[in-house]
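Model, not experiment: these values are computed from the prediction. In the text below, chain A, chain B and the rest are named by the order of the sequence lines, each starting its count at 1.
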Amino acid sequence: MLTIPFIRANSEITIQGLTKKHVANASEIVGQLIAMDDQRKSLLQQAESALETSNAAAKEIGSLMQSGQKELAEGKRAETAALKGTIKEKEEAAKAAEKQMLDLLVTLPNLPHSSVPEGKTAEENEVVLTWGSLPKMQADAQPHWDLIKKYDIIDFDLGNKITGAGFPVYKGKGARLQRALINFFLDEAIKVGYYEIQPPILINEDSGFGTGQLPDKEGQMYVTKEEGLFLIPTAEVPITNLYRDVIVNEKELPIKNVGHTPCFRREAGSWGAHVRGLNRLHQFDKIEIVQIHKPETSYQALEEMSLHVQGLLQKLDLHYRVLRLCGGDMGFASALTYDMEVWSGAQNRWLEVSSVSNFETFQANRLKLRTKVDGKSILCHTLNGSALALPRIVAALLENNQGPDGIKIPEILVPYTGFTHIN
RNA sequence: AGAGGGGUGUCCGAGUGGUUUAAGGAGCACGCUUGGAAAGCGUGUGUAGGUCUCAAGCUUACCGAGGGUUCGAAUCCCUUCCCCUCUACCA
């Protein structure tokens, strides 16, 4: 969430940024917000000055009563009783004005970083770099949805039976490959200083709000019926929310956390060839890295996180590219996002496997995540990224590494899997 | 899940309607003291909002959260969350 003081002080920048993110009528909205805030302030002042009078009178009544001056006290009492109505009325009006302002403020996305390219759709994302080369595929190369059947390692039919579409069952070497990847990704993160967290995978409403899933995107999350808890769409939510309502000691920054969780996404309304097989699931595993920084170091951290993710892809020897997302394709809360895409040899297209973002103070403002610099409390910057999401990595590994002997496991994973081929 | 007890500042802890502008202690910071340190003494010590050119000052809210009663609420009432003890259940 953007802050009102920032918007007031930088209304032109705000309007430009919102426009880059394709918010319609940015200029009007900013004007409205400032007007609402003015109204809020004025009502609050009225309420507070009435309260001040009333507080003073109440105190006076107290001392009059103690000194036995009953009649004087009674007079005062009548006087302040009359104020009650005004106070309540003004307080309620101020609260209503604030709510109106917040309701609007909460709908505004974060402002994009200056390096974010203009553009509306994924086609306008900027390719930052491409690593590796196209895998050499055999003539009769099969897409992963055929390979998983051929080797009987991932079973969608069984998943359909016990849950529904998009909930595959991993079996045998398929299950072991999952476990190998999870451990590999966690170990790599721990090696470079991340602290491992195993969070709950159900979250409450406050947490959903803190990282920006609520109030807008509840349709994308599963909810429990009795408690109204949400199944997490990503470990970002519980791990970042660990720091909700926290003033972090400056010395503890930067914070670097990593966690593995299953992730749940309803993805209502998406079907078609592009979502076949492992390309899009309702439940999948992901290793998430989260960092919390002082503002001046956050962009350096973003680059470091991007390099970490790229390192993983390089170790798995996957042909990949890095995109800098354009204003229209970026997430709601992000100021700058890099997407990593791996080449899928049999589908002949790029698959998104990671998204690394700097949210600057956008999440921190909702979370009330602050630190103190020179005695003043300031909002922290939050960042996160997938390192990595499993299903599409598995899809690419299966497709790109298929051969006459079966599917070859990358060297680096063999100690984790305990086998060299799926056959 | 049932019964009972409890949630107060960075921490411990007093406080059941009016000098509580939250006692007292610990911690922390600064100062005095000292050859240096400890002890001792003194001063300060939260968050958010408003006012203000800045600072200071003034002011409002915050004793788990939300609402209510009252001229006045940490204190009384209602709702709710969390913790502890016992019982029940359970991996």
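Of the side-chain N and O atoms in R370(A), one or more sit less than 4.0 angstrom from OP1 or OP2 of A48(B). Note on K95(A): every side-chain N or O is 4.0 Å or more away from OP1 and OP2 of G66(B). Of the side-chain N and O atoms in K59(A), none sit less than 4.0 angstrom from OP1 or OP2 of U19(B). At the phosphate of U59(B), neither OP1 nor OP2 sits under 4.0 Å from any side-chain N or O atom of N55(A).
Remark: A23(B) base-pairs with no nucleotide in the shown strands. Criterion, Watson-Crick or G-U wobble with two distances under 3.5 Å. The base-pairing partner of U51(B), taking Watson-Crick or G-U wobble contacts with both distances under 3.5 Å, is G57(B). The pairing partner recorded for A65(B) is U79(B), the criterion being a Watson-Crick or G-U wobble arrangement whose two distances lie under 3.5 angstrom. Both distances falling under 3.5 Å, in either a Watson-Crick or a G-U wobble arrangement, place A1(B) opposite U87(B). Base pairing analysis places C28(B) opposite G44(B); the two distances defining the Watson-Crick or G-U wobble pair are each below 3.5 Å. When both distances must be under 3.5 Å, the Watson-Crick or G-U wobble mate of G72(B) does not exist.
A salt bridge links E250(A) with K294(A): the closest approach of a Lys/Arg side-chain nitrogen to an acidic carboxylate oxygen falls below 4.0 angstrom. Between R392(A) and E341(A), none of the side-chain N atoms (NZ, or NE/NH1/NH2) sits under 4.0 Å from a carboxylate O, so this pair counts as no salt bridge.
Both K41(A) and E91(A) lie close to RNA chain B; mapped to their nearest nucleotides by heavy-atom distance, the more 5′-ward contact belongs to K41(A). Each of K88(A) and R77(A) was assigned the nucleotide of RNA chain B with the nearest heavy atom; the assignment lying further toward the 5' end belongs to K88(A).
Within the nucleic acid shown, A57(A) has no heavy atom closer than 4.0 Å to any nucleic acid atom. Across all strands, K90(A) comes closer than 4.0 Å to no nucleic acid atom at all (heavy-atom distances). Among the atoms of the strands shown, base atoms are found under 4.0 Å from some heavy atom of I61(A). Nucleic acid contact for S377(A): sugar-phosphate only, since backbone atoms but no base atoms lie under 4.0 Å from a heavy atom of the residue.
A donor-acceptor contact under 3.5 angstrom links the side chains of H260(A) and D285(A), judged on distance only. Side-chain atoms of E98(A) and Q39(A) include no donor-acceptor pair closer than 3.5 Å.
Of the P atoms belonging to U80(B) and A3(B), the separation is 13 Å, rounded to the nearest Å. Taking atom C1' in both A48(B) and G40(B), the straight-line distance is 38 Å, to the nearest Å. Atom P of G5(B) sits at a distance of 14 Å from the matching atom of C78(B), rounded to the whole Å. Across the P atoms, A14(B) and G68(B) are found 31 Å apart, a figure rounded to whole Å. Nucleotides G9(B) and G64(B), compared at atom P, are 8 Å apart to the nearest Å. Comparing U20(B) with C62(B), their C1' atoms sit 15 Å apart, to the nearest whole Å. Atom C1' of C30(B) sits at a distance of 40 Å from the matching atom of C84(B), rounded to the whole Å. Between the C1' atoms of A22(B) and U8(B), the separation comes to 8 Å (whole Å).
Between R244(A) atom CZ and C81(B) atom P there is a gap of 16 Å when expressed in whole angstrom units. Whole-Å rounding puts the D206(A) CG to U80(B) C1' distance at 13 Å. For L379(A) and A48(B), the CG to C1' distance is 12 Å, given to the nearest whole Å. Between E52(A) atom CD and G72(B) atom P there is a gap of 16 Å when expressed in whole angstrom units. Rounding to whole angstrom units, CG of residue D245(A) and P of C82(B) are separated by 16 Å. For the pair E227(A) CD and U80(B) P, the computed distance is 16 Å after rounding to whole Å. Note: CG (L51(A)) to C1' (U51(B)) measures 16 Å, nearest angstrom. If you take CD of Q45(A) and P of U51(B), they are 5 Å apart, rounded to a whole angstrom.
Judged by a 6.0 Å distance limit and a 45° cone about the ring axis, K171(A) is not positioned over the six-membered ring of Y151(A). Remark: K173(A) qualifies as a cation-pi partner of F419(A) under the 6.0 Å distance and 45° angle criteria applied to the six-membered ring.
If you run side chain to side chain donor-acceptor pair (under 3.5 Å) between Y299(A) and each of E360(A), H293(A), E304(A), H381(A), only E360(A) comes through.
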